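Below, each value reflects all heavy atoms present in this structure, side chains not excepted, and no hydrogens, waters or symmetry copies. Keep in mind it's a predicted model, so treat the numbers as computed, not measured.
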Amino acid sequence: MSRFFAGGSDSDSDSSSDSEPVIRQQVAQFTFSDEEEDVKRVVRSKKEKRYEDLSNIIKSIRNHKKIRDMSSVLTSFEEFMRAYTKALPVVMKEENGVTPRIVVRALAELEDFVNESWDDKDNRKNLSKNNNKALGTLRQKFRKYIKDFESDLKRFRAAPEEFAEEEDDDEREEEKGSDDEPERVVIQPDVPKAVSFKKEPEKVKPVKPADDSDSSDWGSDSDSDSTSSDEDAKYTSIRDRFLKKPEKGTDEQATAPSGAMGDDAFKKEKKKKTGDALKKKKPKQDEMFDENDEEEEGWKVVNGTRSGASEQPKMFAKDAEIDTKLVVNKLNEVMAARGKKRTDRKMQIEFLRELRTVSETNNLGPAVAAKIRFNIVSAIFDYNPKVSGAMKLEHWSKLLEEIQELLKLLLEHEDVHLSESILDEQEEYDTAPFKIRGCMLTAVERLDDEFIKLLKECDPHSNEYVDRLKDEVPVTNIIEQVVTYVERLGNEMEICRIYLRKIDHLYYKFDPNVLKKRKGQLPANTVTSVEDMDKLCRYIYAKDQTDRLRTRAILSHIFHHALHDNWFQARDLVLMSHLQETIHHSDPATQILYNRMMANLGLCAFRHGNIKDAHLCLVDLMMTGKPKELLAQGLVPQRQHERSLEQEKIEKQRQMPFHMHINLELLECVYLVSAMLLEIPYMAAHEFDARRRMISKTFYQQLRSSERQSLVGPPESMREHVVAAARAMRHGDWNACATFIVNKKMNVKVWDLFYEANRVREMMVKFIKEESLRTYLFTYSNVFASISVPHLADMFKLPKSKVHSLISKMIINEELMASLDDPTETIVMHRSEPSRLQALSMQLADKVTNLVDANERIFEMKQGNFFQRGGNQGYNRDRQNYRNQNQNQNWNNNRRQDNRNRGNRGNQNRGEGRDQREHHRDHHRDQREHREHQREFREQREQMRNVDYQSKAE
């Protein structure tokens with residue numbers, strides 16, 4: 001069995017130490033000790049450290065002066081200046097601002113040395129180039145530095161002996177003080193030879209002569225052996241040595257051996273003395289030693305938090321006089337580190353908050369408080385290094401608080417002016433009016449941008465988005481306060497900018513008071529959002545000097561009018577602004593706002609029953625097939641090419657928050673219904689017209705795809721409902737069409753999203769009846785000789801006056817060849833419409849005519865090249881034969897002959913081509929005249945038929 005786990009006694013340990021020293025040496029390497037305590041550690045005050053640094057530098061200067069090493073003297077003097085700057089707070093605190101005597105004497109000696117060296121021109125010539133240059137630099141720096149010590153140097157010149165005696169007294173006191181500090185010297189003993197994992201108690205080393213340091217301090221080997229044997233006597237086995245020790249007190253005294261009690265008491269006594277000696281120099285907040293735990297002697301007890309976050313930053317000296325200049329200088333010092341690589345942003349915010357507390361404690365005035373708070377806002381903005389990412393919620397809440405407090409301070413003190421036009425040299429903190437450099441408007445604009453980023457980061461279908469959206473109330477309140485503040489300053493450009501921010505939070509919100517006031521349900525003096533928008537936008541129209549702000553204001557104004565069913569005001573603004581002509585030159589954000597405006601304007605036109613205007617507003621959005629991207633409401637995968645990461649990142653930044661989205665299904669449904677009400681009657685009226693054009697390509701594709709299906713089931717989606725309604729309308733079945741458009745499923749998906757949805761549904765049913773009547777007349781007019789107006793009114797559930805009006809418009813617009821018989825209330829159809837065979841024949845004739853015209857145009861474009869190509873080919877062939885026949889003749893004669901032949905052939909070809917072109921022109925002219933005669937004959941025949949019909953009717 002290994003000796004490591006065997007029991008041990010005094011005799012065993014002694015015998016093992018004598019017989020197996022190698023094993024004991026190996027075990028000793030596991031005896032742990034604190035490496036930092038292997039060297040002598042001295043606890044010194046800050047005053048002693050600073051004075052000792054100055055003394056060492058002064059000694060090095062004196063040594064360098066002895067050997068006339070000017071470069072080293074200059075280096076040491078620069079170190080002296082830096083060391084004295086560090087020691088200056090200690091001098092102000094301990095010496096009450098009096099310069100230490102050792103410093104005054106050193107400066108006086110150095111002054112004499114510099115003057116003597118400079119006056120001794122012979123020695124200066126013997127100096128090296130570096131030393132000579134260092135002497136000149138030293139003389140300049142020294143003369144500039146000692147201006148602050150002139151009074152001290154005068155006193156030294158007056159009584160140098162007194163300074164020398166006082167300095168000797170200080171040195172003696174320092175030596176005496178060092179003699180009185182043996183208790184503060186903590187020595188960690190070396191690793192003992194005995195096998196022990198227990199940490200030895202720290203011994204206090206008395207300061208004695210160097211002769212007996214080893215023997216007196218550390219003791220002999222026999223002492224260490226006896227101590228280790230006494231410790232081993234406590235345990236019955238080595239295993240007990242590693243067990244957790246019981247609580248010290250009565251239990252320990254009861255279980256400990258009697259022989260160990262005296263040694264333990266001795267250790268406690270020594271430990272108590274050491275602790276008392278350490279407590280003399282340490283502040284109370286640093287006394288965190290456990291006096292009862294023997295094994296944790298010298299360790300510092302700390303809490304679980306970070307020291308940097310828990311400790312309050314120390315801004316000024318303890319007895320420093322706090323004034324405005326000192327605080328502003330400290331503020332500039334803290335903000336100078338802004339943006340640097342190794343700057344701790346969190347610590348910078350803590351420094352600024354501590355500085356704010358200091359200024360409030362000392363009542364330094366509103367200007368200093370406003371400056372510090374503005375810098376805190378800037379530091380919080382800087383804490384988030386990512387421009388595209390949103391800041392953390394804890395910083396967002398702190399940012400709201402700081403900006404609200406800053407605005408409150410600025411509004412309460414009207415004599416505080418915060419503007420970016422104020423330069424740093426023009427800042428004023430002491431007397432009113434106070435002037436501070438900064439821009440409150442820029443801070444609020446960035447606050448608004450951060451709010452939008454926070455909304456984009458959240459899941460729009462979660463409660464977190466709702467919680468973040470609640471922050472819009474304080475954000476809008478902050479904007480209102482900034483509006484008040486900027487209006488007080490009177491800067492028109494800044495007023496336009498903050499007005500636009502207010503508009504951005506107002507233009508997309510529906511105000512029911514507008515419609516109530518229009519109906520007379522509210523008093524006339526009630527202020528609504530439409531009036532607020534009108535006031536803000538009119539100011540921007542008049543005062544803005546940039547096109548972007550004015551353009552965005554117009555777009556927002558139109559959007560707000562359209563949202564509240566002010567169709568004519570919105571339409572007039574669009575037509576007067578001519579934005580549709582210049583919008584493609586704007587930035588992407590403005591183009592997105594334009595698309596949103598056109599979508600909402602189309603919805604407004606649809607609610608007002610302007611079907612054609614609604615279709616015109618929505619066709620540009622829906623024809624592309626990607627309204628989701630154009631409205632910045634999401635990204636759609638692209639088929640042709642994939643987006644790069646940078647493009648996707650940029651497009652995500654342009655997206656609109658979820659609560660500002662326009663329902664895409666509602667938008668598409670309104671577009672398809674508008675296209676159906678326009679396209680179906682047009683298709684019925686121009687069924688056999690070869691030149692018929694599609695009004696809505698998207699709707700036409702949906703309709704054709706449905707017709708190609710072999711089996712059509714009941715509609716499910718919104719598109720299928722509209723297509724089924726269109727097919728019913730083509731047959732004149734208005735009831736089925738209205739049922740497909742207005743039903744429970746469509747109400748839930750689409751129509752209930754409108755304000756006053758019942759009015760919109762009634763309007764749609766009315767239009768479906770009217771357009772179904774028109775389609776019915778276009779489709780079946782060739783079947784009837786006459787139709788009763790009351791029968792049509794009863795069939796389509798329309799008033800007789802409405803049916804009469806619709807038919808009259810169709811007759812006036814020459815859409816329907818008929819006449820109204822008022823006495824009998826019938827529509828008499830004129831048999832001018834061709835039959836199906838005649839219509840197809842006329843369609844074929846038109847297509848052939850178009851084909852002939854196209855061939856003529858192509859022939860006229862290429863006929864000149866055709867004749868020239870034939871002539872050239874003949875010329876090349878003749879030239880080749882000519883060359884073969886006349887190879888032996890002179891080249892010049894051949895060339896002249898070729899030119900003559902070319903001219904003759906060219907003239908001949910041109911004459912032939914001219915004759916052919918004239919013949920073709922005559923032939924085409926005859927064909928055109930023949931077609932014109934046919935058209936005239938056809939028109940005369942139709943006129944005669946109309947006369948016959950009229951005579952028969954009479």
Does either side chain, that of [X] or that of [Y], offer a donor lying less than 3.5 Å from an acceptor on the other one?
X      : Y      : value
His560 : Asp534 : no
Tyr485 : Glu480 : no
Asp613 : Trp567 : no
Asn566 : Arg571 : no
His584 : Gln591 : no

(request) Among Thr476, Asp471, Ile478, find the one that has a side chain to side chain contact (heavy atoms under 4.5 Å, CB included) with Phe451. (result) Asp471

(message) Met810 and side chain to side chain contact (heavy atoms under 4.5 Å, CB included): which single residue from Leu773, Leu816, Ile827 fits?
(response) Leu816

(request) Please name all residues satisfying side chain to side chain donor-acceptor pair (under 3.5 Å) with Arg488, sequence neighbours left out, ordered by chain then number. (result) none

(request) List for me each residue that meets side chain to side chain donor-acceptor pair (under 3.5 Å) alongside His659, sequence neighbours excluded, and say none if there are none. (result) Tyr465, Tyr508

Look at [X] together with [Y] and state whether they make a salt bridge at an N to O cut-off of under 4.0 Å.
X      : Y      : answer
Asp587 : Arg552 : no
Glu679 : Lys697 : no
Glu405 : Arg356 : no
Asp449 : Arg446 : no
Lys535 : Asp532 : no
Arg774 : Glu771 : yes
Arg373 : Glu401 : no
Glu402 : Lys398 : no

Counting neighbours of [atom1] on [X] that are heavy atoms of other residues, nucleotides or ligands and sit closer than 6.0 Å, is the number greater than 12?
X      : atom1 : value
Arg538 : CZ    : no
Gln545 : CD    : no
Lys509 : NZ    : yes
Glu814 : CD    : no
Asn463 : CG    : no

Between the side chain of [X] and the main-chain N/O of [Y], is any donor-acceptor distance below 3.5 Å?
X      : Y      : result
His564 : Leu515 : no
Asn491 : Met493 : yes
Asn743 : Phe740 : yes
Arg607 : Ala562 : yes
Asp415 : Ala432 : no
Arg596 : Leu631 : no
Ser397 : Glu394 : yes
Thr526 : Leu522 : no
Lys769 : Trp734 : no
Gln702 : Thr698 : no

Using the ring centroid of each side chain, check whether [X] and [Y] are separated by less than 6.0 Å.
X      : Y      : result
Tyr671 : His615 : yes
Phe568 : His561 : no
Phe434 : His417 : no

(request) Take the angle between the ring planes of Phe796 and Tyr776 and call it parallel below 30°, perpendicular above 60°, tilted in between. (result) perpendicular

Reported [atom1]-to-[atom2] distance for the pair [X] and [Y], which is rounded to 0.5 angstrom:
X      : Y      : atom1 : atom2 : result
Leu621 : Ile662 : CG    : CD1   : 8.5 Å
Glu531 : Asn525 : CD    : CG    : 9.5 Å
Leu409 : Gln404 : CG    : CD    : 13.5 Å
Leu630 : Asp620 : CG    : CG    : 10.0 Å
Leu593 : Thr590 : CG    : OG1   : 7.0 Å

(request) Have a look at Glu668 and tell me which of Lys749, Arg719, Lys626 forms a salt bridge (Lys or Arg N to Asp or Glu O under 4.0 Å) with it. (result) Arg719

